[in-house]
Peer 1: 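Just passing along the structure, written as structure tokens.
Hydrogens, waters and symmetry mates are skipped; everything else that's a heavy atom, side chains included, is used. Throughout, a chain's letter reflects where its sequence line sits, starting with A, and its residues are numbered from 1.
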Number of protein chains: 2
Amino acid sequence: MSAPHRLTRNQALVLETLTTAEEPLSAYVILDRLKDEGFRAPLQVYRALDKLLEAGLIHRLDSLKAFVACSTPHEHDAADRVAFAICQKCARVWEFSDPAIEGRFAAWAADTDFEIASATIEISGLCAACRKAGEGAA
Amino acid sequence: MSAPHRLTRNQALVLETLTTAEEPLSAYVILDRLKDEGFRAPLQVYRALDKLLEAGLIHRLDSLKAFVACSTPHEHDAADRVAFAICQKCARVWEFSDPAIEGRFAAWAADTDFEIASATIEISGLCAACRKAGEGAA
DNA sequence: CAAATGATGTAACGATATAACATTGGAGTC
DNA sequence: GACTCCAATGTTATATCGTTACATCATTTG
Ligand SMILES: [Zn+2]
Ligand SMILES: [Zn+2]
Ligand SMILES: [Zn+2]
Ligand SMILES: [Zn+2]
């Protein structure tokens with residue numbers, strides 16, 4: 001399996017930026033925040049992101065075109081897919097996995113003779129805090 | 001509710017391009033295929049795509065940054081979410097929905113006090129035909 | 001040390017999507 | 001028909017996201 005590779009300076013900086021952030025960040029926002037650390041070009045960010053994705057330390061949210069630190073740096077096995085809930089207002093992300101959902105996908109795949117390799121599961125809506133805050137504002 | 005708006009020329013051309021295609025198409029591929037019909041700029045495509053998305057006649061696949069015609073132009077209600085399976089090899093798309101999956105999301109949302117507005121559910125893998133074709137090739 | 005490997009820096013480019021603004025075309029009045 | 005309104009269109013420019021190409025530096029390993 002994947003040896004727990006020690007992170008390089010660039011990788012550590014990008015990971016720390018994501019870990020510190022409250023919301024998912026685009027690659028260019030990360031670049032901007034790391035200007036003072038010597039980052040100059042997008043590729044410096046994308047290369048670090050690639051390694052962190054491989055290591056399972058971060059995720060890319062396709063629906064936002066942005067990256068987020070993994071909430072519980074686990075091995076994301078094929079049999080333990082992860083889903084994300086993203087608040088449209090505060091942009092905070094909840095990461096969860098549900099064997100029952102995985103089971104339904106597996107059942108559909110078996111019926112259809114489709115071999116699942118990966119999945120993108122992102123739900124969008126309003127978190128409890130943002131709904132509470134918005135109740136009196138309409 | 002949404003009146004079944006008659007499509008404009010541009011919208012009809014974009015929809016026909018997607019309906020005819022075997023795979024999802026990027027906006028720029030659509031633009032290219034409609035050059036002969038007078039299309040010149042990305043916005044002509046994106047504006048038509050926006051309307052078709054509103055009308056529920058097409059979908060955007062976030063994981064591919066591409067668009068696909070809806071296989072069964074239904075009203076995609078909040079209570080009847082749709083999922084996609086995308087073959088990595090032939091790029092064909094299967095559109096399906098599963099009340100049990102929706103139920104699991106609803107259960108998670110209830111537990112977490114999250115209000116779901118929309119979802120992106122895209123699984124990637126190999127279809128039956130492509131697996132069969134690849135079996136003797138390794 | 002020498003070779004191999006992986007990370008980095010930099011510039012240029014490609015791909016995806018939107019902003020801004022002028023113009024056109026039809027639907028409903030008068 | 002003339003007038004008004006509003007949606008759709010055409011066009012240019014720009015914003016945003018991501019990759020190719022290539023030279024350089026660091027680390028490991030024999
Ligand atoms: Zn994770
Ligand atoms: Zn929120
Ligand atoms: Zn559909
Ligand atoms: Zn296939």
Side-chain angles (χ1 to χ4, degrees), chain A residues 2-18 21 23-55 57-68 86 88 91 93 118 120 122 124, chain B residues 2-18 21 23-55 57-68 86 91 118 120 122 124:
Chain A
S2 55
H5 248 36
R6 176 162 171 65
L7 298 180
T8 66
R9 171 180 150 85
N10 284 4
Q11 290 159 19
L13 285 167
V14 168
L15 179 57
E16 195 203 349
T17 303
L18 284 175
E23 343 73 36
L25 301 179
S26 79
Y28 278 73
V29 168
I30 296 170
L31 173 58
D32 192 61
R33 295 199 184 173
L34 290 175
K35 281 267 155 66
D36 290 346
E37 299 290 347
F39 277 53
R40 295 282 170 272
L43 199 49
Q44 293 176 290
V45 177
Y46 281 109
R47 283 200 279 228
L49 289 172
D50 284 345
K51 293 297 179 186
L52 294 170
L53 285 168
E54 273 177 30
L57 296 171
I58 65 171
H59 299 284
R60 180 177 195 277
L61 298 177
D62 286 339
S63 62
L64 296 185
K65 299 169 205 166
F67 302 84
V68 66
I86 307 162
Q88 294 171 325
V93 173
S118 64
T120 296
E122 301 171 19
S124 179
Chain B
S2 55
H5 248 37
R6 175 162 173 64
L7 298 181
T8 66
R9 172 181 150 83
N10 284 4
Q11 290 159 18
L13 285 168
V14 168
L15 179 57
E16 195 203 349
T17 303
L18 285 174
E23 343 74 38
L25 301 180
S26 79
Y28 279 75
V29 168
I30 296 170
L31 174 59
D32 193 61
R33 296 200 182 173
L34 290 175
K35 280 269 156 65
D36 290 346
E37 299 291 346
F39 276 52
R40 295 282 169 271
L43 249 197
Q44 293 175 289
V45 177
Y46 281 108
R47 285 201 278 228
L49 290 171
D50 283 345
K51 291 299 177 184
L52 294 170
L53 286 168
E54 273 177 31
L57 296 171
I58 66 171
H59 299 283
R60 180 178 195 277
L61 299 177
D62 287 338
S63 62
L64 297 184
K65 300 170 205 164
F67 301 85
V68 66
I86 305 162
S118 65
T120 296
E122 301 171 18
S124 178

Peer 1: I'd like to check Leu13(A) versus Ile30(A) (side-chain heavy atoms, cut-off strictly below 4.5 Å). Are they in contact?
Peer 2: no
Peer 1: Provide, to the nearest angstrom, the distance between the CG atom belonging to Leu31(B) and the P atom belonging to dG10(D).
Peer 2: 12 Å
Peer 1: Nearest 0.5 Å, please: how far is CG in Leu49(A) from CZ in Arg60(A)?
Peer 2: 10.0 Å
Peer 1: Sequence neighbours left out, what passes salt bridge (charged side-chain N to carboxylate O under 4.0 Å, His left out) with Arg40(B)? Give chain and number order.
Peer 2: none
Peer 1: Any donor and acceptor pair, going by atom type alone, linking the side chain of Gln11(A) with main-chain N or O of Thr8(A) inside 3.5 Å?
Peer 2: yes
Peer 1: For the pair made of OH in Tyr46(B) and P in dT11(D), what is the distance, rounded to whole Å?
Peer 2: 18 Å
Peer 1: Name all residues meeting the side-chain hydrogen bond (donor to acceptor under 3.5 Å, both in side chains) criterion together with Glu122(B); count only those two or more places apart in sequence or in a different chain, and write none if there are none.
Peer 2: Ser63(B)
Peer 1: In whole Å, what is the span from the CG atom of Asp50(A) to the P atom of dT19(D)?
Peer 2: 7 Å
Peer 1: Going by side-chain hydrogen bond (donor to acceptor under 3.5 Å, both in side chains), name the residues that satisfy it together with Ser124(A), two or more places apart in sequence or in a different chain.
Peer 2: Gln88(A)
Peer 1: What is the distance from CD1 of Ile30(A) to P of dG18(D), rounded to the nearest Å?
Peer 2: 10 Å
Peer 1: List in numerical order all residues of residues 35-44 of chain A for which some heavy atom is under 4.0 Å away from an atom belonging to DNA chain C.
Peer 2: Arg40(A), Ala41(A), Leu43(A), Gln44(A)
Peer 1: Mind calculating the distance between NZ (Lys51(B)) and P (dA7(D)) to the nearest angstrom?
Peer 2: 8 Å
Peer 1: Rounding to an integer number of Å, can you tell me how far Tyr28(A) OH sits from dT16(D) C1'?
Peer 2: 7 Å
Peer 1: Under 3.5 Å, is there any donor-acceptor pair linking the side chain of Arg47(A) to the base of dG18(D)?
Peer 2: no
Peer 1: How far does OG1 of Thr120(A) sit from CG of Asp62(A), to the nearest 0.5 angstrom?
Peer 2: 4.5 Å
Peer 1: Establish, with yes or no, whether the OP1 or OP2 oxygen of dC17(D) is under 4.0 angstrom from a side-chain nitrogen or oxygen of Ser26(A).
Peer 2: yes
Peer 1: For Arg33(B), enumerate each residue passing the side-chain hydrogen bond (donor to acceptor under 3.5 Å, both in side chains) test, keeping only those at least two apart in sequence or located in another chain.
Peer 2: none
Peer 1: Does Glu16(B), at its CD atom, have more than 12 non-hydrogen atoms belonging to other residues, nucleotides or ligands within less than 6.0 Å?
Peer 2: no
Peer 1: If you find the nucleotide of DNA chain D closest to Lys65(A) and the one closest to Gln11(B), which residue's nucleotide is nearer the 5' end?
Peer 2: Gln11(B)
Peer 1: Walk along DNA chain C from 5' to 3' and tell me the first and last nucleotide with an atom closer than 4.0 Å to a non-hydrogen atom of chain B.
Peer 2: dT16(C) to dA20(C)
